[in-house]
Student: 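Quick one: structure below, then a few questions.
All ligand and atom numbering here is 1-based and tracks the order in the structure.
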Amino acid sequence: MSTRRARVAVVASAIVLAGCNGTSSYLDATGNAGRSEAILGQWLTAVACAVVVLVCLAIVWGIWRHRGEQNAPSSGKSGTERREIRSGLRWIYVGIAATLVVLLVTFGGTMVTLNAASHPPRVPRLEIDVTGHQWWWELRYQDRAHPDEGFVTANEIHLPIGIPVRVRLRSADVIHSFWLPQIAGKTDVIPGQINEMWVEAKQPGTTRGACGEYCGLQHAMMTLPVVAESPEHFAQWTAQRRAEAVAPMAAEAHAGQIVFSRTCGVCHAVQGTNALGRVGPDLTHFASRPSIGAGILRNTRANLMGWIVNAPAIKEGARMPAMPLDPADLNAVVAYLQTLR
Ligand code: CUA
């Protein structure tokens with residue numbers, strides 16, 4: 001795929017994916033901590049607007065009240081002038097008191113919101129270890145009740161509604177920020193330390209998560225769909241994600257698996273096969289993800305071919321090198337990847 005055609009495909013896909021991933025306005029929050037952050041944001045906006053309006057009205061009123069007056073130099077202060085100075089001082093005291101009240105209420109609201117964002121209502125049973133990479137997300141699900149039932153996925157997060165989830169954040173390279181705008185705000189992902197946040201989805205639906213800290217060339221293309229679903233659907237999804245890849249039946253896909261293990265398996269893992277790479281995203285259930293390259297392309301056959309042949313032409317700076325496979329091998333690998341549901 002030429003660089004120009006690749007760019008056109010990227011722009012077209014970004015437009016389509018922007019629609020299917022939902023909005024990402026934090027004011028439209030559906031998660032526990034995200035909801036209190038949205039309320040705080042609306043409150044601060046309302047207070048700021050009210051202060052601007054009141055100050056403007058006070059200025060207009062002051063100008064109107066003293067219209068036509070002239071400052072005449074005088075040696076001593078008359079009784080009227082002294083009364084006006086006392087009146088002016090009274091307004092300064094009123095202004096300071098009103099400002100203090102607004103600041104104290106805002107401080108209280110901020111503390112309540114911080115508390116909601118930092119402490120789950122009960123100990124989370126479900127944990128997700130998230131690792132930020134340039135430029136994709138690795139997610140390792142752990143269930144405290146069933147420690148042997150963990151699994152790894154990439155560039156997608158599913159959350160069960162009404163169940164608090166602890167998220168532990170690590171970075172494989174530079175500083176990122178894990179941002180689920182409508183669920184729980186953002187938390188920095190810093191090399192050499194583990195940061196924690198907790199999330200709880202309140203309503204079903206798919207929104208969009210992203211990296212919230214500039215982390216290099218493809219910072220904007222480090223997105224993931226955030227799927228909030230009922231605990232039953234979530235259990236189905238986790239059961240499907242835990243399963244190892246099913247060996248392909250068709251001859252072409254079978255041939256593709258051999259090519260994949262030989263060439264792609266150095267970097268990518270497919271559970272249940274001898275592809276065990278840990279450098280790139282785990283592809284065990286790749287075909288059921290909506291996008292390729294952390295949101296840069298829709299997961300279609302044509303896009304997948306273009307991505308394999310020359311990923312850096314589509315996502316400049318991507319660590320995945322161009323893979324100049326011959327057409328038969330390319331078709332076979334794509335056929336194989338499309339069986340990974
Ligand atoms: Cu990762 Cu910005």
Student: How open is the angle at atom 1 (Cu) of ligand 1 from atom SG of C211 over to atom SD of M222, rounded to 10 degrees?
Tutor: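 The SG/SD angle about atom 1 (Cu) of ligand 1 sits at 110°.
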Student: In H219, the N, O or S atom nearest to atom 2 (Cu) of ligand 1 is which?
Tutor: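 Closest to atom 2 (Cu) of ligand 1 among those atoms: ND1.
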Student: Taking the N/O/S atoms of H176 one by one, which is nearest to atom 1 (Cu) of ligand 1?
Tutor: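 Nearest to atom 1 (Cu) of ligand 1 within H176's N, O and S set: ND1.
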Student: Should the pair F234 and Y141 be assigned to parallel (<30°), tilted (30 to 60°) or perpendicular (>60°) ring geometry?
Tutor: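 The rings of F234 and Y141 sit tilted, inter-plane angle from 30° to 60°.
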Student: Can you tell whether the side chains of R241 and E156 come within less than 4.0 Å, N to carboxylate O?
Tutor: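 Salt bridge: yes.
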Student: Got an N, O or S from Y214 under 2.8 Å of atom 1 (Cu) of ligand 1?
Tutor: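 No.
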Student: With R242 as the cation and W237 as the aromatic partner, state whether NZ or CZ is under 6.0 Å from the six-membered ring centre and within 45° of the axis.
Tutor: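 Verdict for W237: no cation-pi partner in R242.
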Student: Check E213 and report its N/O/S atom nearest to atom 2 (Cu) of ligand 1, by atom name.
Tutor: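 It is O, the N, O or S atom of E213 closest to atom 2 (Cu) of ligand 1.
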Student: Are a donor atom and an acceptor atom from the side chains of S261 and N274 found within less than 3.5 Å of each other?
Tutor: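 Yes - a donor-acceptor pair under 3.5 Å links their side chains.
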Student: Is the ring pair Y214/H219 parallel, tilted or perpendicular, if the boundaries are 30 and 60 degrees?
Tutor: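 Answer is perpendicular, since the angle exceeds 60°.
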